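Structure first, commentary second.
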Amino acid sequence: MGRQLLINDLDKEGIATLAGYKANGGYAALEKALKMKPEEVVSEVQKSGLRGRGGAGFPTGLKWSFIAKPPGVPRYLVCNADESEPGTFKDRYLMQRKPHILIEGMIISSFALGANTSYIYIRGEMMYQFHILEKAIQEAYDAGYLGKNILGTGYDLNLYVHCGAGAYICGEETGLIESLEGKRGNPRIKPPFPAVKGVWQCPTVVNNVETLAAVVPIIDMTGDEYAKIGVGKSTGTKLISASGHINKPGVYEIELGVPVEEFIYSDAYCGGIKNGKKMKAVVAGGSSVPILPTELILKTAKGEPRLMSYESLNHGGFITGTMLGSGGFIVMDEDTSVVKNLWNFTRFYHHESCGQCSPCREGTGWMEKILHKFLDGHATVKDIDLLWDIQSKIDSRTICPLGEAAAWPVASTIRHFRSEFEEYINKGESFKDVKHYFRVNNLQPA
Amino acid sequence: MAKVTIDGQTIEVPEGTSILNAARMIGGEIVPPAMCYYTSLETSGGYCRTCMVKVVKGSEKDPRPMPKLVASCRQPVMDGMEVQNITSPEVIEARAGVVEFLLMNHPLDCPICDQAGECNLQDLGYEHGKDGTRYEFERREFEKKDIGDKIQLHMTRCILCYRCVKVADQLCPSRVHGVMNRGDVSEISTYIEKAIDNEMSGNMIDVCPVGALTDKTFRFKSRVWFTKPVEAHRNCTKCSGNVRLWFKGADVLRVTGRKDEWGEVKEFICNECRYDKKSVSDWVIEQPTHVDRHSVISQNHYENLKQMKLDTQRIKAKLPEKKTNGNTK
């Protein structure tokens, strides 16, 4: 088991409260950061090599350095807590168990960016976590960590939690900003980027919950120390939400660079495949990243062991690789139908498409209907090619990445599991309902 | 000023001009089609994806090509930018894909649609579409909604270009309609069935690229190609009063704004001019409207398009597979 920086002390009593959090070394990083200059905080984060934990893996320090600083215009920091990717549940866990690490991280980051108002945009379904955060923020206000003149340094910050109404698209940063402003959550057309014109047309940085929480250990241990954890350009630790047919599903904090094989089979992590079955496929970073069969997830196409890192998982591009994404690690055993799984993903994207641009609005529904045809046993070989053609016409032709997120699983499933589509075609209706992915929450034996 | 090259033709345009507008300044067959962009409506464009082009050279300073196709209506030009529209097979293919998506759920009721003949989607489908569909499922339908006695809403025909929403936002005193729901069931609607009734609301009809919003006072009166357009004006306190009258015989069947060669209204007109002034004596007639060739009202329009399609293929056939370095000298 490697080092844990975010969820190391969850078993301590009262860690969700301010007193418990402080007793375990909380808010020390904030005091340290407020004695530094904002630029120094930014440079620490740059040195740490921290990359966005929401999915894209963009270097956080670089993102912060892009923020426009016109005089007299306020800047904003927004925390993206609209975690809705199927397979990802790390942010919810962190906010529920340890809300103060997010608040502390947000105060440090707001200070670094020069923001005096910050928002946490939380997903509408997470009402329970919403109340936890509200309570924690009130505690922080009472203790003088928020509000006017924080810890006597003259720095002011107001922090608000804003509740979404339950739309996946509002996790896209510009869609989130529109929704935060009280409008329909349609992603904006870029440029201008949020770093220039974001919330209320002012410079804005949008970061994931885990990214902002990771700022706390970075300040605690200095950026150089943090950069020593991990492998290559993938530094630090990452929360992985492991689910599917494994013995020990849950949220794990790993040092980036753990071999995938160790992560799946070691008892410290997932503990192997449930019921002694064989592994069939893995979706390594949340539903939108390409699915990989066993031989490609354990080893790259070159035969090197694959590691849990941004580069190693991406090795081979989209032909033989995938992405670390948001860390939603879904393991499927040999009895799983990847076609049915794909239909379920596609149904999700169809339901969540905002309907703004034509390829995604029309294409996602079309793909879902064709996949349903496969499940019903009415599909023909032509439908595989049609599906391929549709996804290629959605991929990278849309305003926001939802189009890509919908296209990649389709492309990768066809690429790696074409024979299974053919099996559905050949067996026809008799194949209906034989295999299920969402059996019963992984709790009962098959 | 920025120098931009589109399909081998170079033009200098002011900084900040979009690629689409730069192409329109050059004119001709290299202009990308646009279904949702509307020059006079701010923040319009970017939704329909028909105007996508390939940027093979970003700018003089940063000559890297852009990784994805870009919506030319929202992408500003940079000095030294090189753009491929009809010379890029990738763009042609992507556009065909978008047209297929747009037509997928669009009813083929052109024979009973008032927009037929001046419909952007009809033209687009003819230019870039296929003669059959690969979509074999039921087309989506919407419940009929009544939005007042002047405007007829056919949601099934809508392609969600958001132009009418922007008209209401930017021209009308208040907006009572918008886009409800999301994804492929999103629809233009008023929240509670309410009549859209304010002075400039009629412009929604003019900006609609398809037959989703049509003029109830003109409904089923005549096919547009049987009417004769003339330019006319009157003294109006609410708008410029510069309109286009559509005659059949001696009767004015409808009044619309004057559209330019790209199908965009030059000056928006008020509802009084549009609905209430339908006698010849209300108007000072200036001249017959110049009907340009890009219009079904003009004879042999589709023959011209056919020729254009052939020309495009010819250009494509001539091009080498990969251009070297984007050097056009």
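Computed from a prediction, not measured in an experiment: that's the story for all the values here.
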For [X], I'd like to know if atom [atom1] has over 12 heavy atoms of other residues, nucleotides or ligands within 6.0 Å.
X: A/Lys183; atom1: NZ; answer: yes
X: A/Lys190; atom1: NZ; answer: yes
X: B/Met66; atom1: CE; answer: yes

Can you measure from [atom1] ([X]) to [atom2] ([Y]) and round to the nearest 0.5 angstrom?
X: B/Asp184; Y: A/Cys354; atom1: CG; atom2: SG; answer: 11.5 Å
X: B/Ser186; Y: A/Arg361; atom1: OG; atom2: CZ; answer: 6.5 Å
X: B/Ser44; Y: A/Ile189; atom1: OG; atom2: CD1; answer: 9.0 Å
X: A/Ile370; Y: B/Arg134; atom1: CD1; atom2: CZ; answer: 8.5 Å
X: A/Thr398; Y: B/Tyr47; atom1: OG1; atom2: OH; answer: 14.5 Å

Taking side chain as everything from C-beta outward and backbone as N, CA, C, O, which of these in [X] sits under 4.5 Å from a heavy atom of chain B? Side chain, backbone, both or neither.
X: A/Ile169; value: neither
X: A/Asp395; value: neither
X: A/Thr364; value: neither

If you compare all heavy atoms of B/Gly97 against all heavy atoms of A/Lys393, which two are closest, and at what distance to 0.1 Å?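 Heavy-atom minimum between the residues: CA-CD, 3.5 Å.
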Pick one of side chain, backbone, both or neither for B/Phe137, based on which atoms fall under 4.5 Å of a heavy atom in chain A. side chain
Would you say the side-chain atoms of B/Arg74 pair up with the backbone N or O of A/Pro191, donor to acceptor, closer than 3.5 Å?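 Side chain of B/Arg74 to backbone of A/Pro191, a donor-acceptor pair under 3.5 Å: no, none is there.
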A/Ser358 (side chain) donor-acceptor with B/Val98 (main chain) under 3.5 angstrom: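 Here the side-chain-to-backbone pair does not exist.
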Does a salt bridge link B/Glu93 with A/Arg397, judged by any charged N lying under 4.0 Å from a carboxylate O?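 Here B/Glu93 does not pair with A/Arg397 in a salt bridge, since their nearest N and O are not under 4.0 Å apart.
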Determine, for A/Lys373 against B/Glu136, whether the closest basic-nitrogen to carboxylate-oxygen distance falls under 4.0 angstrom.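 Counted as a salt bridge, because a side-chain N and a carboxylate O are separated by less than 4.0 Å.
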Apply the test side chain to side chain donor-acceptor pair (under 3.5 Å) to residues A/Asn186 and B/Tyr162: give CA-CA distance (whole Å), side-chain angles for both, the deciding distance (0.1 Å), then the verdict. CA-CA 12 Å; A/Asn186 279 354; B/Tyr162 282 69; 2.9 Å; yes
Report yes if the side chains of A/His351 and B/Arg182 come closer than 4.5 Å at any heavy-atom pair, otherwise no. yes
Any A/Gln356 side-chain heavy atom under 4.5 Å of B/Val179 side chain: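 Not touching, per the 4.5 Å side-chain cut-off.
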Can you tell me which of A/Pro359, A/Cys357, A/Ala167, A/Gly365 forms the most heavy-atom pairs within a distance under 4.5 Å of chain B? A/Pro359
Can you check salt bridge (charged side-chain N to carboxylate O under 4.0 Å, His left out) on A/Lys369 and B/Glu138, steps first, answer last? CA-CA 10 Å; A/Lys369 283 173 188 151; B/Glu138 262 181 48; over 6 Å; no
Which residue in the set B/Arg140, B/His106, B/Glu100 passes side chain to side chain contact (heavy atoms under 4.5 Å, CB included) when paired with A/Glu362?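 Testing each of B/Arg140, B/His106, B/Glu100 against A/Glu362, the sole residue satisfying side chain to side chain contact (heavy atoms under 4.5 Å, CB included) is B/Arg140.
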Run the side chain to side chain contact (heavy atoms under 4.5 Å, CB included) test on B/Lys68 and A/Glu404 for me, step by step, so that the C-alpha distance in whole Å, both residues' side-chain angles and the decisive distance to 0.1 Å come before the verdict. CA-CA 12 Å; B/Lys68 296 175 185 174; A/Glu404 280 136 54; 3.1 Å; yes
